[in-house]
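To start, the structure itself, in structure tokens.
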Amino acid sequence: MKSAYYVVEFLVLVEVILRGGEALSMNYYGMSCPFVEPIVRIVVNQALHKDPTLAAGLLRLHFHDCFVQGCDASVLLDSTSGNTAEKDSPVNLSLRGYEVIDQAKKFLEMQCPGIVSCADIVALAARDAVFWAGGPYYDIVKGRKDGTRSKQEDTFTSLPAPTLNTTGLINVFSQHGFTVWELVALSGGHTLGVARCSSFKSRLSSFDSTHDVDPSMDPTFAKTLLNTCSAGDSAAQPFDATTNSFDNLYFSALQKGDGVLFSDQTLYVSPQTQQIVNFFAMNQAIFFFNFQQGMMKMGSLDVKEGSQGEVRANCRKIN
Ligand code: HEM
Ligand SMILES: *[C@@H]1O[C@H](CO)[C@@H](O)[C@H](O)[C@H]1NC(C)=O
Ligand SMILES: *[C@@H]1O[C@H](CO)[C@@H](O)[C@H](O)[C@H]1NC(C)=O
């Protein structure tokens, strides 16, 4: 009996070595860094207490990280003399929250040096930011490793443009394995934060051959957006009336024609997604449940495990 036990143990060991280390799990840092979650939460809560608008920044950072090359903290790497990083792509428009990740990393390096990946910190910080803003809480697996590639050009093909219609959005999201429901639920991340005029001004003049202004917009809201843009390309327009609260008002705004980006309003215009928008606008719990499922899936996109990646000492540089 005992020898059978050793055979099993040996096979498990071989499997772990072949896979290049441990797989993702809820309890990944259970022995090596048991306080990782409270440490990240404290840092995030302190930062959001000072600047509540950073909740949006932290959520978007995680989205941009996961959609480009998987959730491997590639979005945090600084450009070097030979390489223009994702961070410096034009689509980075106002990515924020890097200092919060650095701060969490600093404390984690003091507590358990070389153990916790930057990719896990980004995923935890986004989760904690959503919860802090009143959104759903969900458990996330840990054990993502940090990647070494971060190239500006990767962002052009992997991230959706705000000018896409529903067909285009479904294409991009399905390339990453998401369903139409998950596309609409994750778009609900726009319940937090703002967009700059440069991201939606194409809706406001010479929209197409027959319309000056995007006809899917409510006319009064079009005036609001024009007014925002009178302050210049970097003027910010909140996605909904409660910009720092995670709620379902984003979907109610879409029903009224008050979506800020073309890619927001298209979800209500398209018969393929209109009913889903209606569900989420009517019942916040349905939205929260679907958002939570979508985030857990997003947080596992093309994750690097074991020897496929490293644990960076500094989130902005490869080791
Ligand atoms: C559906 C396709 C999506 C498109 C086309 C899109 C595009 C954009 C654009 C253009 C902005 C404004 C950038 C600026 O002008 O400063 C923005 C902001 C934002 N996005 Fe998305 N996004 C999408 C999906 C998502 C998802 C899935 C999430 C997270 C779950 C997300 C979270 C955010 C947040 C929180 C902001 C506000 C950032 C801030 O206030 O600092 N977006 N997005
Ligand atoms: C975004 O990219 C531009 C260059 O396209 C760069 O100047 C800017 O610093 C970047 N922003 C962030 C927050 O990294
Ligand atoms: C969506 O956009 C694509 C590419 O721009 C276009 O070919 C297609 O006709 C559009 N679909 C709808 C329903 O407007």
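Keep in mind it's a predicted model, so treat the numbers as computed, not measured. Every number for a ligand or one of its atoms is a count from 1 in the order of the listing.
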Could you list, one pair per line, each nitrogen or oxygen of ligand 1 together with any protein nitrogen or oxygen closer than 3.5 Å, giving atom names and the distance rounded to 0.1 Å?
{"unit_1": "ligand 1", "atom_1": "15 (O)", "unit_2": "Arg196", "atom_2": "N", "d": "2.7"}
{"unit_1": "ligand 1", "atom_1": "15 (O)", "unit_2": "Ser199", "atom_2": "OG", "d": "2.6"}
{"unit_1": "ligand 1", "atom_1": "16 (O)", "unit_2": "Ser94", "atom_2": "OG", "d": "2.5"}
{"unit_1": "ligand 1", "atom_1": "16 (O)", "unit_2": "Arg196", "atom_2": "NE", "d": "3.2"}
{"unit_1": "ligand 1", "atom_1": "20 (N)", "unit_2": "His190", "atom_2": "NE2", "d": "2.9"}
{"unit_1": "ligand 1", "atom_1": "22 (N)", "unit_2": "His190", "atom_2": "NE2", "d": "2.9"}
{"unit_1": "ligand 1", "atom_1": "40 (O)", "unit_2": "Val194", "atom_2": "N", "d": "3.0"}
{"unit_1": "ligand 1", "atom_1": "41 (O)", "unit_2": "Arg96", "atom_2": "NE", "d": "3.0"}
{"unit_1": "ligand 1", "atom_1": "41 (O)", "unit_2": "Arg96", "atom_2": "NH2", "d": "3.3"}
{"unit_1": "ligand 1", "atom_1": "42 (N)", "unit_2": "His190", "atom_2": "NE2", "d": "2.9"}
{"unit_1": "ligand 1", "atom_1": "43 (N)", "unit_2": "His190", "atom_2": "NE2", "d": "3.0"}

### Task
Show your reasoning for whether ring-ring contact (aromatic ring centres under 6.0 Å, His included) applies to Phe251 and Phe287.
CA-CA 9 Å; Phe251 295 105; Phe287 164 48; 4.9 Å; yes

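Below 30°, between 30° and 60°, or above 60°: for Phe67 and Phe178 the angle between ring planes is below 30°, a parallel geometry. The aromatic rings of Phe173 and Phe63 lie parallel to each other, their planes meeting at an angle below 30°, with 60° marking the opposite boundary.
Between Asp120 and Lys142, no side-chain nitrogen of the basic residue sits less than 4.0 Å from a carboxylate oxygen of the acidic one, so the salt-bridge criterion is not met. Under a 4.0 Å N-O distance rule, the pair Arg127/Glu37 qualifies as a salt bridge.
Atom 4 (C) of ligand 3 is not flagged as protein-proximal [any protein heavy atom, distance under 4.0 Å]. When distances from atom 11 (N) of ligand 3 to the protein are checked, a heavy atom turns up under 4.0 Å.
Evaluation of the disulfide (SG to SG under 2.5 Å) test over residues 91-187, restricted to residues two or more places apart or in two chains, returns Cys33-Cys112, Cys118-Cys315.
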For residues 223-231, which side-chain N or O atoms pair as donor and acceptor with protein atoms under 3.5 Å away, sequence neighbours left out?
{"unit_1": "Thr224", "atom_1": "OG1", "unit_2": "Thr220", "atom_2": "O", "d": "3.3"}
{"unit_1": "Thr228", "atom_1": "OG1", "unit_2": "Thr224", "atom_2": "O", "d": "3.1"}
{"unit_1": "Thr228", "atom_1": "OG1", "unit_2": "Gln237", "atom_2": "OE1", "d": "2.5"}
{"unit_1": "Ser230", "atom_1": "OG", "unit_2": "Asn227", "atom_2": "O", "d": "2.5"}

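The closest protein non-hydrogen atom to atom 1 (C) of ligand 3 is Asn165 ND2, 1.4 Å. The protein atom (non-hydrogen) at minimum distance from atom 13 (C) of ligand 3 is Thr167 OG1, 4.3 Å.
Residues satisfying the ring-ring contact (aromatic ring centres under 6.0 Å, His included) criterion with Tyr137, sequence neighbours excluded, are Phe131.
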